[in-house]
Amino acid sequence: MVVVASSLPDSIHPHNFPAKLWRLVNNLENKAICWDSYGDAIIIDQHLFERQILSQSTTNSDSTEAFKTTNFTSFVRQLNLYGFRKHEPAIKDNHPPTGDGGMYHHFHNPNFKRNHPERVASLKRLTVNNKAKIQAGLNVNCRPPGLRKEMTPF
Amino acid sequence: MVVVASSLPDSIHPHNFPAKLWRLVNNLENKAICWDSYGDAIIIDQHLFERQILSQSTTNSDSTEAFKTTNFTSFVRQLNLYGFRKHEPAIKDNHPPTGDGGMYHHFHNPNFKRNHPERVASLKRLTVNNKAKIQAGLNVNCRPPGLRKEMTPF
Amino acid sequence: MVVVASSLPDSIHPHNFPAKLWRLVNNLENKAICWDSYGDAIIIDQHLFERQILSQSTTNSDSTEAFKTTNFTSFVRQLNLYGFRKHEPAIKDNHPPTGDGGMYHHFHNPNFKRNHPERVASLKRLTVNNKAKIQAGLNVNCRPPGLRKEMTPF
DNA sequence: TACGTTCTAGAATATTCGTGC
DNA sequence: AGCACGAATATTCTAGAACGT
């Protein structure tokens with residue numbers, strides 16, 4: 001058992017994509033996805049990811065960790081929906097040696113950095129509706145755990 | 001016979017859902033529902049619950065303990081009506097070992113904690129009317145045992 | 001191998017819920033869901049369905065047939081989204097004898113009848129947007145296979 | 001009147017498919 | 001060909017509404 005270094009604030013819904021991604025990338029047992037050497041971007045070994053994470057979607061009943069998809073492209077769609085962009089790896093940033101020569105992908109997001117777990121709460125799902133709201137300066141509903149927008153607690 | 005650790009104040013109607021739930025979760029003989037390790041949320045083993053609690057609804061005539069429904073979804077509707085929300089288990093919070101590999105559900109409620117039986121009286125049924133009353137700062141009638149709303153002294 | 005009696009028009013997307021449901025209910029090998037004796041409604045044996053259809057969601061890689069959910073309630077949500085309503089079984093309509101005494105559900109839909117496969121194309125997903133479009137007399141996009149909304153010939 | 005049960009719908013995220021650049 | 005994204009369906013969780021007691 002490996003202790004996860006940094007945990008997220010409670011305000012982040014643990015079921016949603018950003019929290020799942022955070023746990024995956026900080027889980028040292030998981031070789032399929034990790035931080036780059038600066039902690040500024042994530043590196044994904046596509047083949048390992050497909051074998052060790054996505055194909056587990058069908059056998060792992062722990063819905064906190066599993067995805068329901070087995071397609072890597074669906075995972076990338078989620079990354080893009082939450083504002084991640086692909087970029088080329090920095091020259092100095094060697095790929096981790098654990099892969100099997102597969103394909104690597106680097107993705108970065110200004111609000112997803114190793115040393116800033118608190119920024120994960122800033123990740124918004126960039127649907128058309130949410131982008132309009134953000135444009136208008138409104139608050140975006142991200143279904144926080146335990147409360148809904150209308151439900152003032154009693 | 002297992003002694004229930006903490007009992008509820010008399011002001012809580014023993015036939016109503018919150019009291020039934022409190023007794024279930026504090027009954028150590030009952031493996032289908034229990035506290036999480038912090039006493040902050042309840043964990044329900046759906047299959048066990050259906051077999052051991054809900055299917056007894058038709059044979060157990062003790063209306064104080066039995067539910068009239070055999071549908072797990074109706075039980076969940078009650079949880080939501082009383083303000084419970086589903087959330088994912090904390091990483092450290094292992095599932096109880098008694099299940100059969102079935103589905104687990106975690107629900108939490110700020111007024112339903114192991115160490116705070118007195119707060120159970122704060123649970124209100126969140127109907128549309130009650131939510132309006134709460135919003136307006138009015139008192140919500142919760143039908144205490146042996147009392148009626150008109151009996152408030154003046 | 002059992003030959004399915006009536007097949008759907010090509011215009012119906014085979015991956016979508018109505019087509020999956022049609023194939024399930026017309027597959028004589030499948031005992032979990034079938035037509036009632038009039039061919040006017042479908043009868044679902046919940047426990048069989050959970051065991052034989054939904055739990056296969058995790059092992060069957062044939063996405064044309066499998067659901068990604070294991071929850072019966074999610075399946076019911078889909079039924080409701082496509083306009084199915086639950087009703088009580090007709091007196092003459094005995095439950096099929098193959099069940100294990102579990103729970104039966106009858107659902108009906110004016111556009112889902114055994115003798116009218118062509119009507120399945122009329123099933124619309126009743127989201128808020130689609131309902132507004134239907135109300136306004138507009139066409140509802142149902143993503144037919146290989147076609148897009150702009151590709152209507154002019 | 002309030003609570004319990006049932007059925008349906010709203011609203012958010014997740015997944016899929018296709019298109020434009 | 002690769003990447004980002006619109007738009008549709010699928011899944012999940014919660015709430016509304018009707019009805020019975």
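Nothing here was measured: the structure is a model prediction, and the numbers come from that model. Reminder, nothing fancy here: chain letters follow the sequence lines and each chain counts from 1.
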- What pairs with Phe17(A) under ring-ring contact (aromatic ring centres under 6.0 Å, His included), at least two apart in sequence or on another chain?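 Expected list: Phe75(A), Tyr82(A).
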- Task: Under the ring-ring contact (aromatic ring centres under 6.0 Å, His included) rule, collect the residues that match up with Phe112(A), sequence neighbours excluded.
- Result: Trp22(A), Trp35(A), Phe84(A)
side-chain hydrogen bond (donor to acceptor under 3.5 Å, both in side chains) partners for [X], two or more places apart:
X: Gln78(C); result: none
X: Glu118(B); result: His116(B)
X: Lys131(C); result: none

How many whole angstroms separate atom [atom1] of [X] from atom [atom2] of [N]?
X: Asn129(A); N: dG10(D); atom1: CG; atom2: P; result: 16 Å
X: Leu79(A); N: dT13(D); atom1: CG; atom2: P; result: 16 Å
X: Asn130(A); N: dG6(E); atom1: CG; atom2: C1'; result: 14 Å
X: Ile53(C); N: dA10(E); atom1: CD1; atom2: C1'; result: 17 Å
X: Phe72(A); N: dC3(E); atom1: CZ; atom2: C1'; result: 13 Å

- Message: Checking His105(A) against Lys86(A) for the side chain to side chain donor-acceptor pair (under 3.5 Å) test, could you report, in this order, the C-alpha distance in whole Å, the side-chain angles of both residues, the deciding distance, and whether it holds?
- Response: CA-CA 7 Å; His105(A) 303 272; Lys86(A) 194 172 187 178; 2.7 Å; yes
- Its contact letters, B for base, S for sugar-phosphate only and - for none at protein heavy atoms under 4.0 Å, make nucleotides 4-9 of chain D read BBBSBB
